[in-house]
Amino acid sequence: MNNEHYFSGDRDMLSCHSFFDDGNCFMSTSEPYLIPLQAVTFEEEIKKSHFITYLAHTASIDAAKQFIAEIKAAHATANHHCWGFVAGRPTDSMLWGFSDDGEPSGTAGKPILAQLTGSGVGELTAVVVRYFGGIHLGTGGLVKAYGGGVQRALTLLTTQQKIITSELYLCCDYNQISLVEALLEEYNATQLQADYGQQVNMHLSLDSRIVTEFSTKLINRSGGRIVATATPES
């Protein structure tokens, strides 16, 4: 029986910033969130069963599944490979998943996921490998073992903040390049690409939280001659 579970709850509310006459609108959940900086392994023995908890950064559901498959392959003789993941923003329940992998329903995957979602860290997968030692732990013992292992592993986890960025496009004359470059420096924006033809077409990336402010200032400083858009001009 397939005991893998994936959630389909509501996504985070999206913030829409509309700041152009032509109705261009940037839709993004713009607040930063924490993600793992490096992988963690935590081992313990409980009543002769050997539990190994692995935590890793996984930026998508596919990456989470790949990590789970790698741990399963590395511990092919283990009795259970129980897991949970938060494969995006920590509050986005559409990117959550868990599995008891043969343990009694609700005793492994849910406790693992509960620890992950309670940590406030996104893009994180936990796999708990169990080598059975011959002594049954009971429902409460299993919940404590799986959830507790992840809880202790989380205390070892280092994190970093993920800044959400938006991409913008603009077109300017050559005598306006210095104006644009000054704004890029002011707002710590990154120039991803520039094409130099009759005019200069730029592809930019910057913190989503300041897109509206940047774009408004660009319009004001250029006297309305330069407008950033969410898609390149045709």
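Atoms considered below: every heavy atom in the structure, side chains included; atoms not considered: hydrogens, waters and symmetry mates. The structure presented is a predicted model; accordingly, all values stated were derived computationally and were not measured.
Side-chain contact between M202 and V200 is present, with heavy atoms from C-beta onward closer than 4.5 Å. Counting heavy atoms from C-beta on, the side chains of I52 and T41 come closer than 4.5 Å. Side-chain contact between T139 and E103 is absent, with no heavy-atom pair separated by less than 4.5 Å. Under the 4.5 Å side-chain criterion, counting only non-hydrogen atoms from C-beta, Y33 is not in contact with V121. Side-chain atoms of N79 and R130, non-hydrogen and from C-beta on, never get closer than 4.5 Å to each other.
Between the side chain of T107 and the backbone N or O of P104 there is at least one donor-acceptor pair closer than 3.5 Å. S49 contributes a side-chain N or O that, together with a main-chain N or O of G133, makes up a donor-acceptor pair within less than 3.5 Å. T117 places a side-chain N or O within donor-acceptor distance of the main-chain N or O of A114, the cut-off being under 3.5 Å. Between the T229 side chain and the P232 main chain, no donor and acceptor come within less than 3.5 Å of each other. A donor-acceptor pair under 3.5 Å links the side-chain atoms of H80 to the main chain of D101, judged by distance alone. Side chain of D207 to main chain of T165: no donor-acceptor pair is present (N/O by atom type, distance under 3.5 Å, no hydrogens or angles). D100 places a side-chain N or O within donor-acceptor distance of the main-chain N or O of G106, the cut-off being under 3.5 Å. One N or O on the side chain of S208 and one on the backbone of S166 form a donor-acceptor pair closer than 3.5 Å. The closest donor-acceptor contact from the side chain of Q115 to the backbone of I112 lies at 3.5 Å or more, if one exists at all. The main-chain N or O of M94 is found under 3.5 Å from a side-chain atom of D92 such that the two form a donor-acceptor pair.
V127 and I61 fall within a single hydrophobic cluster, where Ile, Leu, Val, Met, Phe, Trp and Tyr side chains are chained together by heavy-atom contacts under 4.5 Å. Using a 4.5 Å cut-off between side-chain heavy atoms of Ile, Leu, Val, Met, Phe, Trp and Tyr, with links allowed through other members, I210 and L218 fall into the same hydrophobic cluster. Using a 4.5 Å cut-off between side-chain heavy atoms of Ile, Leu, Val, Met, Phe, Trp and Tyr, with links allowed through other members, Y196 and L192 fall into different hydrophobic clusters. Under a hydrophobic clustering in which Ile, Leu, Val, Met, Phe, Trp and Tyr are joined whenever their side-chain heavy atoms come within less than 4.5 Å, directly or via other members, Y169 and Y174 fall into different clusters.
Closest approach of V40 and A153 over heavy atoms only: CG1-O, 3.6 Å. Taking each heavy atom of I135 and K48 in turn, the nearest pair found is CD1-CD, 4.1 Å. The shortest heavy-atom contact between C172 and I177 is SG-CG1, 4.3 Å. Here the closest heavy-atom approach between residue P111 and residue A108 is recorded as CD-O, 3.1 Å. Looking at every heavy atom in both residues, Q191 comes nearest to L204 through CA-CD2, 4.0 Å. Closest approach of C171 to I226, counting heavy atoms only: O-CG2, 3.8 Å.
The pair E31-R89 does not meet the salt-bridge criterion, since no charged nitrogen lies less than 4.0 angstrom from a carboxylate oxygen. A salt bridge links E186 with R221; the closest basic N to acidic carboxylate O contact falls under 4.0 Å.
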Between V86 and E123, does a side-chain contact (heavy atoms from CB on, under 4.5 Å) hold up when you go through it step by step?
CA-CA 5 Å; V86 175; E123 302 183 11; over 6 Å; no

Step by step, would you call L124 with L34 a side-chain contact (heavy atoms from CB on, under 4.5 Å)?
CA-CA 10 Å; L124 174 62; L34 295 176; over 6 Å; no

Go through the steps to decide whether S30 and R209 satisfy the test side chain to side chain donor-acceptor pair (under 3.5 Å), and finish with yes or no.
CA-CA 6 Å; S30 59; R209 295 170 294 178; 6.0 Å; no

E45 vs H50, side chain to side chain donor-acceptor pair (under 3.5 Å): CA-CA, chis, key distance, verdict
CA-CA 5 Å; E45 185 174 301; H50 187 197; over 6 Å; no

Please lay out, stage by stage, how T155 and L157 fare under the test side-chain contact (heavy atoms from CB on, under 4.5 Å).
CA-CA 6 Å; T155 66; L157 186 69; over 6 Å; no

Could you give me the CA-CA distance, side-chain angles and deciding distance for L154 and L55, then say whether side-chain contact (heavy atoms from CB on, under 4.5 Å) is met?
CA-CA 8 Å; L154 285 168; L55 302 180; 3.9 Å; yes

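Here the CG atom belonging to L168 is positioned 5.5 Å from the CG atom belonging to L206, to the nearest 0.5 angstrom. Of the inter-residue distances, the one linking L170 atom CG with Q199 atom CD reads 10.5 Å to the nearest 0.5 angstrom. Between atom CZ of residue R152 and atom OG1 of residue T53 there is a gap of 8.5 Å, rounded to the nearest 0.5 Å. If you take CD1 on I68 and OG1 on T125, they are separated by 5.5 Å, rounding to the nearest 0.5 Å. Atom SG of C82 and atom NZ of K110 lie 14.0 Å apart (nearest 0.5 Å). Taking NZ of K217 as the reference point, atom CG of L179 lies at 11.5 Å (rounded to 0.5 Å).
Ring planes of Y54 and F67: perpendicular class, angle over 60° (limits at 30 and 60°). Using cut-offs of 30° and 60° on the angle between ring planes, the pair Y131 and H75 is perpendicular. Between W83 and F85, the ring-plane angle classifies as parallel under the 30° and 60° cut-offs.
Side chain to side chain, E213 and Y187 meet the donor-acceptor criterion of an N or O pair below 3.5 Å.
No more than 12 heavy-atom neighbours from other residues, nucleotides or ligands sit within 6.0 angstrom of NZ on K144. Within a 6.0 Å sphere centred on CD of Q198, other residues, nucleotides and ligands contribute 12 heavy atoms or fewer.
Ring-centre distance between Y146 and F51: below the 6.0 Å cut-off.
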